[in-house]
Amino acid sequence: QADTENTNLYLGIAKINNVYGGGERASATTTNLQIENSDIGNVYGGSNISGIVNTATINMTDGTVGTIYGGNNSGGTTNTSEITINNGVIDAIYGGGNKATSTYTTININNANVNNIYGGGNQAGLDTATITIGQGDIGNIYGGSNQSGNIVKTTINISNNPLISVDNIYGGNNKGGSTNDSTVDVRGGTIGNIYGGGNEAVVDMPNVQVQNATVNNIYGGGNMAGINGDTKVTIKNSNINTNIYGGGNYGTVAGNTKVVITSSTILGSAYGGGNGSSAIVDRNTEITVEGNTVIGSATSKAPHQGCLFG
């Protein structure tokens with residue numbers, strides 16, 4: 001198949017199994033996909049088997065999609081992908097490709113119901129991934145990739161909007177691969193659990209910032225996953241329904257943990273370290289509590305509630 005400069009696909013009321021912004025085995029300079037009220041199995045911003053795509057753009061205003069990939073499917077590469085969802089129901093979104101590498105990915109959710117969002121690819125890595133949630137009902141957000149693939153930097157931004165609901169946020173990857181630097185910046189919404197690290201995937205340096213939000217649990221580290229460096233957790237003007245941990249959930253931290261809590265309410269307890277016997281912090285823990293923060297309530301029972309642990 002011959003290479004092309006620009007491709008433009010408009011998908012109205014239609015039912016399609018697979019859509020590729022690029023070609024079967026071809027390159028493209030730019031691809032543009034507009035999805036409006038379609039029912040689609042899989043969407044790829046890039047090509048299928050091979051080919052280089054410089055910039056892939058996917059915009060969805062409504063409809064139902066099984067999986068959206070910003071990049072290619074099984075081969076080739078996509079340099080930059082941008083996915084914008086204004087409405088719709090989607091099972092999974094990948095900023096990158098399925099088994100094909102990418103460089104830069106951006107995912108913007110202005111309103112949608114999505115089960116899983118990955119800044120990276122399924123079995124593929126990339127350099128930089130940015131996810132921004134403006135409104136919507138989301139299951140899990142992973143800053144990085146799913147099964148494999150290394151990521152240099154991930155950023156997850158949650159806007160200050162009470163109409164945002166997220167079950168779990170992971171700064172890093174899901175099942176495999178690694179992330180160098182992860183940033184989780186939550187400015188509002190209702191969140192189940194926040195992990196600065198990955199879910200069974202290593203992160204070097206995670207950073208968690210939470211403001212004006214309601215969260216069940218916050219972990220500076222990962223979920224059953226290690227941290228190679230330090231963790232940092234900063235919480236301000238927020239309500240924590242259960243606990244705060246500087247470390248991970250059954251995950252180690254090779255460096256230091258630092259937690260700063262300002263003008264917030266914690267119904268459970270705050271820990272400088274992690275949760276579980278394997279959540280070891282190799283170096284130092286530090287917690288600062290200030291600004292009329294309240295830990296526990298009149299009915300709290302130690303040690304599970306109303307306590308501060310270094």
Side-chain angles (χ1 to χ4, degrees), residues 7-24 28 30-49 51 53 55-76 78 80-100 102 104-124 126 129-147 149 156 158 163-170 174-175:
T7 69
N8 296 279
L9 284 76
Y10 170 77
L11 307 171
I13 300 176
K15 186 176 178 63
I16 308 171
N17 289 340
N18 296 288
V19 174
Y20 301 90
E24 175 74 4
T30 64
T31 66
N32 294 281
L33 283 77
Q34 182 72 31
I35 302 170
E36 296 184 8
N37 250 344
S38 305
D39 184 352
I40 305 173
N42 299 294
V43 174
Y44 301 87
S47 298
N48 184 16
I49 296 173
V53 175
T55 303
T57 303
I58 299 172
N59 290 290
M60 180 173 175
T61 58
D62 206 350
T64 302
V65 177
T67 305
I68 294 177
Y69 299 92
N72 290 13
N73 180 19
S74 60
T78 302
T80 301
S81 68
E82 182 172 351
I83 300 170
T84 301
I85 311 297
N86 293 316
N87 204 356
V89 177
I90 305 158
D91 183 46
I93 299 175
Y94 296 89
N98 181 19
K99 298 179 181 179
S102 303
Y104 305 102
T105 68
T106 302
I107 301 173
N108 300 302
I109 307 296
N110 296 322
N111 187 24
N113 293 320
V114 187
N115 286 336
N116 294 288
I117 299 175
Y118 305 87
N122 182 24
Q123 299 178 50
L126 49 84
T130 303
I131 301 170
T132 301
I133 310 297
Q135 182 174 315
D137 189 355
I138 315 296
N140 300 299
I141 300 176
Y142 304 89
S145 297
N146 182 19
Q147 298 183 60
I156 300 173
I158 308 296
L163 297 179
I164 295 175
S165 174
V166 183
D167 291 342
N168 297 289
I169 296 175
Y170 304 89
N174 182 18
K175 297 178 181 178

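Any value given below was found using the heavy atoms of this structure, including those in side chains, with hydrogens, waters and symmetry copies removed. In this text, all values refer to a predicted model and were calculated from it rather than measured experimentally.
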Query - Validation row: Ile169, Ile158 side chains within 4.5 angstrom (heavy atoms) - result: yes
Query raised in the report: Less than 4.5 Å apart, any side-chain heavy atom of Thr105 and any of Leu126?
Result: yes
Report task. Kindly compute the distance separating CG (Asn168) from CD1 (Ile138), expressed to the nearest 0.5 Å. Result -> 12.5 Å
Query raised in the report: Should Asn140 and Asn116 be marked as a side chain to side chain donor-acceptor pair (under 3.5 Å) after you check the CA-CA gap, both sets of side-chain angles, and the distance that decides it?
Result: CA-CA 5 Å; Asn140 300 299; Asn116 294 288; 3.0 Å; yes
Query raised in the report: Can you find a pair of side-chain heavy atoms, one from Gln123 and one from Asn146, that are under 4.5 Å apart?
Result: no
Requested in this report: Measure the spacing between CG of Asn72 and CD1 of Ile49 and express it to the nearest 0.5 Å.
Outcome: 11.0 Å
Query - Backbone of Leu11 reached by a side-chain donor or acceptor of Ser38 within 3.5 Å - result: yes
Requested in this report: Could you grab the distance from atom CD1 of Ile90 to atom CE of Met60, nearest 0.5 Å is fine?
Outcome: 4.5 Å
Query - Side chain to side chain, Thr67 and Asn42, heavy atoms closer than 4.5 Å - result: yes
Query raised in the report: Are the side chain of Thr106 and the backbone N or O of Thr130 linked by a donor-acceptor pair below 3.5 Å?
Result: no
Query - side chain to side chain contact (heavy atoms under 4.5 Å, CB included) assessment of Ile117 paired with Ile133 - result: CA-CA 10 Å; Ile117 299 175; Ile133 310 297; 4.0 Å; yes
Report task. Locate the shortest heavy-atom distance separating Gly71 from Ser102; write the atom from each residue and the value. Result -> CA-OG, 4.2 Å
Query raised in the report: Would you say the side-chain atoms of Thr132 pair up with the backbone N or O of Asn108, donor to acceptor, closer than 3.5 Å?
Result: no
Report task. Taking all heavy atoms of Ala129 and all of Gly119, pick out the closest pair and write down the distance. Result -> CB-O, 3.5 Å
Report task. Taking Thr31 for its side chain and Gly45 for its backbone only, find out whether a donor-acceptor pair lies under 3.5 Å. Result -> yes
Query raised in the report: For the atom pair OH (Tyr69) and CG (Asn18), what is the distance rounded to the nearest 0.5 Å?
Result: 9.5 Å
Query raised in the report: Does the side chain of Thr61 pick up a donor-acceptor pair with the side chain of Asn86 at under 3.5 Å?
Result: no
Requested in this report: Any pair with a residue in residues 81-96 that passes salt bridge (Lys or Arg N to Asp or Glu O under 4.0 Å), sequence neighbours left out, goes on the list, sorted by first then second residue, please.
Outcome: none
Requested in this report: Check Asn98 against Tyr44 and note the closest heavy-atom contact, atom names and distance.
Outcome: CB-CE2, 4.3 Å
Query raised in the report: Between Ile93 and Ile131, is any pair of side-chain heavy atoms under 4.5 Å apart?
Result: no
Query - Thr57 side chain near Thr30 side chain, heavy-atom distance below 4.5 Å - result: no
Query raised in the report: Sub-3.5 Å donor-acceptor pair from the side chain of Ser47 to the main-chain atoms of Glu24, do we have one?
Result: no
Query raised in the report: What distance separates Gln34 CD from Thr84 OG1, expressed to the nearest 0.5 Å?
Result: 9.5 Å
Query raised in the report: Does a donor on one side chain sit under 3.5 Å from an acceptor on the other, for Asn122 and Gln147?
Result: yes
**Report entry** CD1-CD1 distance between Ile68 and Ile40, expressed to the nearest 0.5 angstrom
**Finding:** 8.0 Å
Query raised in the report: How far apart are the closest heavy atoms of Gly70 and Ala56, and which atoms are they?
Result: O-CB, 3.5 Å
Query - All side chain to side chain donor-acceptor pair (under 3.5 Å) counterparts of Asp39, not counting sequence neighbours - result: Lys15
